[in-house]
Student: 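Handing you this structure, nothing more for now.
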2 protein chains.
Amino acid sequence: MKKTEKRTSRAEQKARRPQEILEAAFEEFTVKGYAATRVEDVAARLGVTKGTIYLYFPTKEVLFEEMFRHMSTPFKDVLDSVGGFKGTCADRLRTLLLLAYEKIPNDRKTRELLRLTLSDGTRFPDIVDRHFDEFIAPLVAAVRALVDEGVSAGEFRRGAAANYPDVVASSILHVAVWRLMFADRRSIDGPAFMEAHYDLALNGLLQRS
Amino acid sequence: MKKTEKRTSRAEQKARRPQEILEAAFEEFTVKGYAATRVEDVAARLGVTKGTIYLYFPTKEVLFEEMFRHMSTPFKDVLDSVGGFKGTCADRLRTLLLLAYEKIPNDRKTRELLRLTLSDGTRFPDIVDRHFDEFIAPLVAAVRALVDEGVSAGEFRRGAAANYPDVVASSILHVAVWRLMFADRRSIDGPAFMEAHYDLALNGLLQRS
DNA sequence: TATCACTGACTAACGGGTTAGTCAATTCAG
DNA sequence: CTGAATTGACTAACCCGTTAGTCAGTGATA
């Protein structure tokens, strides 16, 4: 079935297999969800048969969980770098939003993992925790740190918004959910939305002087 | 199986059945999703057998679609009423947000329909359209109308936020998604979040003068 | 009111199709 | 040739949708 390609030795192929399988699994699971995806579909995407999958992963459930882990790429490190940036809190808020938009609604991997967390999180509590630790907690922490600093510096107002920092970043989710729901059927202007978000959040935070 | 209760005649029972089935279907489908839910599970919830379901609905797909329709309760009418309210645009924004929070993240029905739209929308394009028409479009329209009026009256700033009204309401989604993801495992303070949202949005919109 | 023929909502059991997981046979690189 | 990687036929379990048969409830009749 798999045609023999001179450039890949058996050892290389075997070493590559797990990753290939996890990536094929990602494509299938995100389109159909856990229950509706067949292990055979995952195999077919690689041009192998079901048996091969079971040489590398013991069950469909384990395949799903390891796929989720494999596709969660680090976000916390990126965010932490914002702490080191210079400039006004307003400037750094902009940078933070840019990074968050890049990572959450603009990155297909992250977006689709959000879908899976919502659809199959009930059956796989681990992925919910992972999602929280990986994406939500770091982002909220970064926003909180920035807002607190802005308030201390007198640049931002004290007030309800400053006390519940989630609200500053939460619009990001709107774009992610929109894209998950409508895909190409209804487009959303990402940059324009982000500008609007930044404009509203910044003016909402700034001292009214 | 169903014990004879004097107070329910056959005719009454039969008239009630479709609704009972749709509500049982809602409970099952929202927990497990379309694919993982068995028609027998829906039946068991009512204390009847699978055959009974098929007396009222021809296929599992139709059952799902009709359940979705039955559970979508009108939102547009409620929102339209805000147009008639008196007061500053700030006051009416608050009312609008209150209504939207009540309807979207605080109403379990709406919240769970959002989950289904995200998980199974790919298989059932109709429910995506329905979701858009029922919830998203009316809310965005209401916000846009209010913001435009505020700008015309000189109460709100012109600016990016005023031009992309989704961003004013989008934090609502955060609470809905949070509750879908974490259920009771991580609580979120709804009223406090709404206050923060209102505070940020209003200050973001008001003239800075 | 008491009897009884009839109706129709419901059940139980099954056919047919699907899929997770297994394993003996096959292939092919080294 | 050898043995590791892969295949694909197979099994057992599952679930949708069907249908012959059941029996509770109804209402006509005396």
Side-chain angles (χ1 to χ4, degrees), chain A residues 1-29 31-68 120 123-124, chain B residues 1-25 27-29 31-68 119-120 123-124:
Chain A
M1 179 133 299
K2 182 73 184 176
K3 53 176 68 112
T4 310
E5 289 161 17
K6 280 283 169 57
R7 65 183 61 211
T8 47
S9 73
R10 272 197 160 186
E12 287 169 334
Q13 182 66 282
K14 186 180 182 180
R16 224 193 318 263
R17 275 277 184 256
Q19 282 190 15
E20 287 179 346
I21 293 173
L22 292 172
E23 274 149 35
F26 170 80
E27 300 298 334
E28 295 293 323
F29 280 130
V31 172
K32 305 182 169 188
Y34 178 78
T37 297
R38 296 176 310 160
V39 175
E40 215 170 329
D41 296 336
V42 176
R45 185 171 275 269
L46 283 179
V48 299
T49 58
K50 198 171 39 159
T52 304
I53 307 288
Y54 283 98
L55 290 174
Y56 295 89
F57 300 94
T59 64
K60 187 185 171 186
E61 285 199 8
V62 169
L63 173 62
F64 181 78
E65 285 164 347
E66 297 214 354
M67 175 278 288
F68 199 96
D120 295 306
R123 284 163 161 305
F124 298 92
Chain B
M1 178 133 300
K2 184 76 183 175
K3 52 173 71 107
T4 309
E5 289 163 18
K6 282 282 171 56
R7 66 183 60 211
T8 46
S9 72
R10 271 192 163 189
E12 287 169 335
Q13 183 66 281
K14 184 179 183 181
R16 224 194 317 265
R17 272 281 183 255
Q19 281 191 16
E20 286 179 346
I21 293 173
L22 291 173
E23 273 148 35
E27 299 298 334
E28 294 294 321
F29 280 130
V31 172
K32 304 182 170 187
Y34 178 79
T37 298
R38 296 176 308 160
V39 175
E40 214 170 331
D41 297 335
V42 176
R45 186 172 274 270
L46 285 178
V48 299
T49 58
K50 200 175 32 161
T52 304
I53 307 290
Y54 282 98
L55 291 174
Y56 294 89
F57 301 93
T59 64
K60 188 185 172 186
E61 285 198 7
V62 169
L63 173 62
F64 182 78
E65 286 164 347
E66 298 214 353
M67 176 278 288
F68 199 96
S119 3
D120 296 305
R123 284 163 162 304
F124 297 91

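Convention: sequence-line order gives letters A, B, ...; per-chain numbering from 1.
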Student: What's the CD-P distance between A:Gln13 and C:dC28, to the nearest Å?
Tutor: 14 Å
Student: I need the CD1-P distance between B:Ile53 and C:dA9, as an integer number of Å.
Tutor: 15 Å
Student: At what distance, to the nearest 0.5 angstrom, does CD of B:Glu65 lie from OG1 of B:Thr59?
Tutor: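 Interatomic distance, B:Glu65 CD to B:Thr59 OG1, rounded to 0.5 Å: 7.5 Å.
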Student: I need the CG-C1' distance between A:Leu55 and C:dA20, as an integer number of Å.
Tutor: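 Computing the A:Leu55:CG to C:dA20:C1' distance gives 15 Å.
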Student: Nearest of D:dT7, D:dC16, C:dC10 to any side-chain atom of B:Arg38?
Tutor: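 Of D:dT7, D:dC16, C:dC10, D:dC16 is nearest to the side chain of B:Arg38.
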Student: Give the rounded distance in Å between these two atoms: NZ of A:Lys14 and P of D:dG3.
Tutor: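 Nearest whole value for this atom pair: 15 Å.
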Student: Could you tell me the separation between the CD atom of B:Glu40 and the C1' atom of D:dA13, rounded to a whole number of Å?
Tutor: 14 Å
Student: Quick one: are A:Lys14 and A:Tyr56 in side-chain contact, heavy atoms under 4.5 Å?
Tutor: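 They are in contact (side-chain heavy atoms under 4.5 Å apart), so the answer is yes.
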Student: Below 4.0 angstrom from OP1 or OP2 of D:dA5, is there any side-chain N or O of A:Thr52?
Tutor: no
Student: Mind calculating the distance between CG (B:Leu46) and C1' (C:dC10) to the nearest angstrom?
Tutor: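 Interatomic distance, CG of B:Leu46 to C1' of C:dC10: 13 Å.
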Student: Please give, in whole Å, the distance from C:dT19 P to A:Phe29 CZ?
Tutor: 13 Å
Student: Among residues two or more places apart or on two chains, list those pairs meeting salt bridge (Lys or Arg N to Asp or Glu O under 4.0 Å) that have a residue in residues 48-63 of chain B.
Tutor: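 Every candidate salt bridge (Lys or Arg N to Asp or Glu O under 4.0 Å) pair involving residues 48-63 of chain B fails, so no pair, neighbours aside, qualifies.
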Student: Nearest to the side chain of B:Thr49, heavy atoms from C-beta on, is which of D:dT7, D:dT6, C:dA12?
Tutor: C:dA12
Student: With rounding to the nearest 0.5 Å, note down the distance linking CD in B:Glu28 to CG in B:Asp41.
Tutor: 5.0 Å
Student: State whether the side chain of A:Thr52 and the backbone N or O of A:Val48 hold a donor-acceptor pair below 3.5 Å, judged by distance alone.
Tutor: no
Student: Tabulate protein N/O versus nucleotide N/O from nucleotides 21-24 of chain C, keeping only pairs under 3.5 Å, one per line.
Tutor:
residue, atom, partner, partner atom, Å
C:dG21, OP2, A:Tyr54, OH, 2.8
C:dG21, OP2, A:Lys60, N, 2.8
C:dG21, N7, A:Lys50, NZ, 3.0
C:dG21, O6, A:Lys50, NZ, 2.5

Student: Do B:Ser119 side-chain atoms and B:Gly33 backbone N/O form a donor-acceptor pair below 3.5 Å?
Tutor: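 Looks like no, no N/O pair under 3.5 Å.
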Student: Once you measure the plane-to-plane angle for A:Phe64 and A:Phe124, does it fall in the parallel (<30°), tilted (30-60°) or perpendicular (>60°) bin?
Tutor: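 Taking A:Phe124 first and then A:Phe64, their aromatic rings sit tilted (interplane angle of 30° to 60°).
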Student: Check the distance between D:dT7's P and A:Tyr56's OH and give it to me in whole angstrom.
Tutor: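 To the nearest whole Å, that distance equals 10 Å.
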